[in-house]
Protein chains: 2
Amino acid sequence: MSRVSAEKPRRTRADQRRETEARILAAARATFAELGYERTTIRGVASAAGVNAGLVMHYFGSKEELFSRAARLPEDDLPAGHPAEALLTSLRRRLDDEPVASLVVLRSVLTHAEASGEFRVAAAAWLDRIGAAVPAGDAALRAGLISSIITGVVIERHLLKLSAVADASADDIVALMRPVFESLAGEGRGTG
Amino acid sequence: MSRVSAEKPRRTRADQRRETEARILAAARATFAELGYERTTIRGVASAAGVNAGLVMHYFGSKEELFSRAARLPEDDLPAGHPAEALLTSLRRRLDDEPVASLVVLRSVLTHAEASGEFRVAAAAWLDRIGAAVPAGDAALRAGLISSIITGVVIERHLLKLSAVADASADDIVALMRPVFESLAGEGRGTG
DNA sequence: GTCTATACGTCGATAGAC
DNA sequence: GTCTATCGACGTATAGAC
């Protein structure tokens with residue numbers, strides 16, 4: 001008798017958990033990005049997610065694990081085609097798009113985890129992809145400089161906001177950065 | 001009679017304080033640079049300086065004041081001459097020289113003080129100096145990009161260390177960065 | 001599944017002994 | 001001038017009630 005009505009709502013145990021977990025993760029991402037690792041508190045994340053602090057611990061076990069889950073980046077892609085233009089496309093997206101997930105890493109990798117192994121693996125893959133698109137013999141150094149430059153511009157625009165880079169249009173920035181990438185990515189190629 | 005011998009050691013009150021204070025400041029700079037603001041503790045700084053935690057408070061009053069003193073940069077200079085070459089000289093120094101003081105700011109400004117007013121003032125002056133060396137009408141944006149690029153490369157070399165930029169020779173980096181600065185600083189000028 | 005209560009450590013800062 | 005002792009607040013993490 002009572003079992004019939006109890007079985008009706010099938011998405012209440014395994015699925016409500018997913019929903020709550022996703023809400024916590026979103027709140028964690030936003031908080032880590034805004035405050036960095038140390039200043040982010042479990043209580044703050046729980047409050048932002050509308051749940052209790054104990055529940056966050058119940059789901060993720062520790063603050064470290066919560067950060068690791070929040071900082072997991074979806075994918076770093078580099079469009080095919082002319083190397084310089086591909087890099088400019090990647091830069092433009094990071095100038096405009098909501099960079100919440102990226103900012104979690106950018107900010108927290110500097111404050112917290114020099115041992116954030118997961119991030120370093122992703123970064124290495126990203127560097128390889130750039131290096132593969134760069135023809136010269138010192139591809140590794142060129143790729144490293146390109147990555148550093150992109151990181152610097154993104155940090156300035158979204159975190160530091162010290163200069164005109166913070167408010168300028170993406171078009172203007174991309175236009176000024178084109179010769180930069182053409183030079184570093186090997187301007188003598190990439191026309192076919 | 002007793003006054004004669006008592007006046008002999010003249011550098012014991014006002015000068016030993018300076019020495020201890022300098023030792024604390026050096027320890028604070030190193031610790032802030034290594035750990036960032038939040039993870040740095042008064043106790044840790046005191047221990048590294050070989051003194052007691054209470055003494056650090058006695059001298060500096062608060063952790064915030066200690067950080068402010070430790071993060072005070074000596075000066076940001078931009079050599080005169082061709083804009084691009086001046087920027088390269090500045091970059092080279094930051095690639096090689098002991099960047100302790102700079103790293104305090106670089107790391108901590110990202111983890112702690114979006115309101116670190118003192119640093120923002122210094123950064124504005126630095127941007128003005130770059131902008132003055134850049135002829136184009138969009139000098140502010142160009143100066144911002146140049147500063148962002150330098151910051152990105154310095155962060156990668158000294159803090160992140162994810163790529164070949166960390167280990168490459170300053171010569172190789174400067175050589176690859178020359179066309180970058182020539183492009184952004186207005187390559188059509190600065191030949192005379 | 002969600003929340004309350006709390007144990008346990010560490011922090012910045014203060015007061016006062018030597 | 002330097003250090004010891006301690007306060008009050010807040011952090012993560014745990015145990016267990018509902």
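Nothing here was measured: the structure is a model prediction, and the numbers come from that model. Protein chains get the first letters and strands the later ones, always in sequence-line order, with residue 1 at the start of each.
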Can you tell me the distance, in whole Å, between the [atom1] atom of [X] and the [atom2] atom of [N]?
| X | N | atom1 | atom2 | answer |
| --- | --- | --- | --- | --- |
| Leu66(A) | dG11(D) | CG | P | 15 Å |
| Ile42(B) | dC7(D) | CD1 | P | 20 Å |
| Glu21(A) | dT2(C) | CD | P | 10 Å |
| His58(B) | dT2(D) | NE2 | C1' | 9 Å |
| Asn52(B) | dT6(D) | CG | P | 14 Å |
| Glu64(B) | dC11(C) | CD | C1' | 15 Å |
| Leu55(A) | dA17(D) | CG | P | 18 Å |
| Ile24(B) | dT2(D) | CD1 | P | 8 Å |

Given [options], the nucleotide with the shortest approach to the side chain of [X]:
| X | options | result |
| --- | --- | --- |
| Lys63(B) | dA13(C), dT4(D), dC3(C) | dA13(C) |
| Tyr59(A) | dA13(C), dT2(C), dT2(D) | dT2(C) |
| Arg43(B) | dG1(D), dG12(C), dT4(C) | dG12(C) |
| Met57(A) | dG1(D), dC3(C), dT14(D) | dT14(D) |

**Message:** Any base atoms under 4.0 Å from Arg17(A), or only sugar-phosphate, or nothing? Heavy atoms, all strands.
**Reply:** nothing
**Asked** Should Thr20(A) be listed as having a side-chain N or O under 4.0 Å from OP1 or OP2 of dT2(C)?
**Response** yes
**Complete:** side chain to side chain donor-acceptor pair (under 3.5 Å) filter on Asp167(B), not counting sequence neighbours, yields none
**Asked** So, are Arg69(B) and Glu21(B) salt-bridged, with charged N and O less than 4.0 Å apart?
**Response** yes
**Message:** Regarding Glu34(A) and Arg39(A), does a basic nitrogen lie under 4.0 Å from an acidic carboxylate oxygen?
**Reply:** no
**Heavy-atom check, side chain of Glu38(A) versus side chain of Tyr37(B), under 4.5 Å** = no
**Request:** Go through the side-chain N and O atoms of Glu156(A) and Ser163(A) and say whether any donor and acceptor fall under 3.5 Å apart.
**Result:** yes
